[in-house]
Participant: 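Handing you this structure, nothing more for now.
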Amino acid sequence: MDTLSIIKRPIESELNDFIDLFNSSLDHEDGLLTQVLHHIKQRGGKRMRPILILLIAKSFGKVSPTTQHAAVGLELLHTASLIHDDVVDESNERRGQASVNASYNNKVAVLVGDYVLSTALQQVGYTNSNSIVKYLAELGQTLSDGEILQLSNIKREEITEAAYLEIIARKTAILFEICAAIGAESAGVSEEDVALARAFGKNIGMIFQIRDDIFDYFESEKEIGKPTGNDLTEGKLTLPLIYALNKTGDERMMMLARKAKMLSISSKEIEELVTFAKEKGGIEYAEECMKRYHAKAKVFIDTKISNPVIKQSLSTYLDYIIKRNK
């Protein structure tokens, strides 16, 4: 049995129900909107976030209609944020498929993103849970806050690991954090268990983004979906380089890093920074950080998950996040 099959095994039927509900929530009869929504439905991906919601809910009891509507609401909100991000970043591709703005135009992408966001609100309204509504509202606020924090950080001269961790906590980890919290909340567990699940989700999300950032230091554009040094091209300094800069204090590399932040760096200089980060132990340091988050997340699985099948599934999920190659 392959890794994803092991992960999905305890919630296979529930995941199929989720996909049906997600797709039906984006059904529409209007011509252009129908086309764009179909385009969005075609890029479903691995569904790692809704899978986490369903697994947490089932580990604490069962997957209910509340769970499903919450999962669809969260996935739709995330989808809307990605559509808008592609406009902001002028991205032409998303998950190996043309982005909405590239296939149509920015105006269509913004309007469709708003439509998907409204649909997310509708779905979460069906949960009749004030707590879940608040979680989704918090998610939307934090994702936007994280994007703005990243933009403002690009303009700052200081280069710190603390700022990097804060950005990825708000931009990426919050998604997994809220997934786990919603899954637990929908199962009707105590506030303490919701908080523990939420912390578990955050640890997964931190691993996810650090792993994603490591990819940018290797030549794997075809497999991963972005070219080496792409983050630096956009002015984003990630953990391997931040560590190498602060460890060595190398003045030339610090100057190049600031050029990257000012979006005035050449491709040859980006290659220098990538090589520098790798040679000075940046990749190894980032991997050690992931291992620390992995150990924290494993404690939750070992102490709070009693069902052996779900325990295996969540352990495999955690290992997949840290070992994935795309």
Side-chain angles (χ1 to χ4, degrees), residues 11 14-15 17-28 33 37 40-41 44-45 47-85 110-149 169-205 208 300 304:
I11 48 142
E14 291 92 341
L15 182 59
D17 291 341
F18 163 83
I19 293 169
D20 288 343
L21 183 59
F22 179 87
N23 287 337
S24 66
S25 75
L26 294 178
D27 285 344
H28 196 275
L33 185 53
L37 294 177
I40 293 167
K41 285 189 275 189
R47 309 286 189 186
M48 297 306 289
R49 294 167 190 87
I51 285 172
L52 181 59
I53 295 175
L54 300 177
L55 283 173
I56 292 294
K58 195 155 190 178
S59 70
F60 282 120
K62 67 175 184 176
V63 173
S64 65
T66 295
T67 310
Q68 292 286 13
H69 285 297
V72 171
L74 184 140
E75 189 74 345
L76 287 169
L77 188 152
H78 181 222
T79 300
S81 74
L82 295 179
I83 294 169
H84 287 155
D85 285 352
V110 170
L111 292 171
V112 171
D114 290 345
Y115 179 88
V116 174
L117 177 58
S118 298
T119 308
L121 299 176
Q122 182 183 56
Q123 285 294 317
V124 76
Y126 292 146
T127 66
N128 294 313
S129 167
N130 288 335
S131 297
I132 290 175
V133 170
K134 287 177 182 177
Y135 281 129
L136 263 290
E138 179 189 349
L139 174 59
Q141 284 182 320
T142 307
L143 288 173
S144 299
D145 182 33
E147 289 290 344
I148 293 168
L149 179 62
R170 299 188 197 183
K171 275 194 62 185
T172 302
I174 187 66
L175 275 160
F176 292 89
E177 188 177 334
I178 296 298
C179 280
I182 281 175
E185 184 72 36
S186 73
V189 300
S190 67
E191 288 184 14
E192 180 184 357
D193 281 344
V194 171
L196 289 171
R198 180 168 182 159
F200 169 69
K202 181 177 182 178
N203 287 324
I204 288 176
F208 186 94
F300 173 83
K304 297 304 297 183

Participant: Applying side-chain hydrogen bond (donor to acceptor under 3.5 Å, both in side chains), which residue pairs with at least one partner in residues 112-121 are found, sequence neighbours left out?
Facilitator: H84-D114

Participant: Who are the side-chain hydrogen bond (donor to acceptor under 3.5 Å, both in side chains) partners of N130, not counting sequence neighbours?
Facilitator: none

Participant: Once you round to the nearest 0.5 Å, how far does CG of L121 lie from CG of L117?
Facilitator: 5.0 Å

Participant: Taking all non-hydrogen atoms of both residues, which atom of A197 and which atom of A184 are closest, and how far apart?
Facilitator: CB-CB, 3.9 Å

Participant: Testing the basics here: between L136 and L77, what is the closest heavy-atom pair and its distance to 0.1 Å?
Facilitator: O-CD1, 3.6 Å

Participant: Side chains of L21 and D17: closer than 4.5 Å at any heavy-atom pair?
Facilitator: no

Participant: Examine distances only and state if a side-chain atom of T127 and a backbone atom of Q123 form a donor-acceptor pair shorter than 3.5 Å.
Facilitator: no

Participant: What distance do S25 atom OG and L37 atom CG have between them, rounded to the nearest 0.5 Å?
Facilitator: 9.0 Å

Participant: Which heavy atom of I56 sits nearest a heavy atom of G183, and at what distance?
Facilitator: CG2-C, 3.8 Å

Participant: Scan the side chains in residues 171-180 for donor-acceptor partners under 3.5 Å anywhere in the protein, sequence neighbours excluded, and list what turns up.
Facilitator:
from, atom 1, to, atom 2, distance (Å)
K171, NZ, Q150, OE1, 3.4
T172, OG1, Q209, OE1, 2.5
E177, OE2, R198, NE, 2.6
E177, OE2, R198, NH2, 3.0

Participant: As an exercise, state the distance from CG of L54 to CD of Q68, rounded to the nearest 0.5 Å.
Facilitator: 5.5 Å

Participant: Got R47 and F22 here, is their nearest side-chain heavy-atom distance under 4.5 Å?
Facilitator: yes

Participant: How many angstroms lie between CG in L139 and CD1 in I182, if you round to the nearest 0.5 Å?
Facilitator: 7.5 Å

Participant: Counting C-beta onward and ignoring hydrogens, is there a side-chain heavy-atom pair between K41 and D27 closer than 4.5 Å?
Facilitator: yes

Participant: Minimum heavy-atom separation for V194 and A181, please, with both atom names.
Facilitator: CG1-O, 4.0 Å

Participant: Between L26 and T79, is any pair of side-chain heavy atoms under 4.5 Å apart?
Facilitator: no

Participant: By the salt bridge (charged side-chain N to carboxylate O under 4.0 Å, His left out) test, which pairs, at least two apart or in different chains, include something from residues 179-190?
Facilitator: none

Participant: Do I51 and L15 come close enough that some side-chain heavy atom pair is under 4.5 Å?
Facilitator: yes

Participant: Output the distance between atom NZ (K304) and atom CZ (F200), rounded to the nearest 0.5 Å.
Facilitator: 13.0 Å

Participant: Taking ring pair (Phe, Tyr, Trp, His ring centres under 6.0 Å) as the test, write out the residues that go with Y135, two or more places apart.
Facilitator: none

Participant: Just jot down the ring pair (Phe, Tyr, Trp, His ring centres under 6.0 Å) partners of F60, sequence neighbours excluded, or say none.
Facilitator: none

Participant: Given side chains that start at C-beta, do those of I40 and I83 come closer than 4.5 Å, heavy atoms only?
Facilitator: yes

Participant: Which atom pair, heavy atoms only, marks the closest approach of A57 to A187?
Facilitator: O-CB, 3.7 Å

Participant: F18 and E75: side-chain contact (heavy atoms from CB on, under 4.5 Å), yes or no, with the steps?
Facilitator: CA-CA 10 Å; F18 163 83; E75 189 74 345; 4.0 Å; yes

Participant: State the CG-CD1 distance between L55 and I11, to the nearest 0.5 angstrom.
Facilitator: 4.0 Å

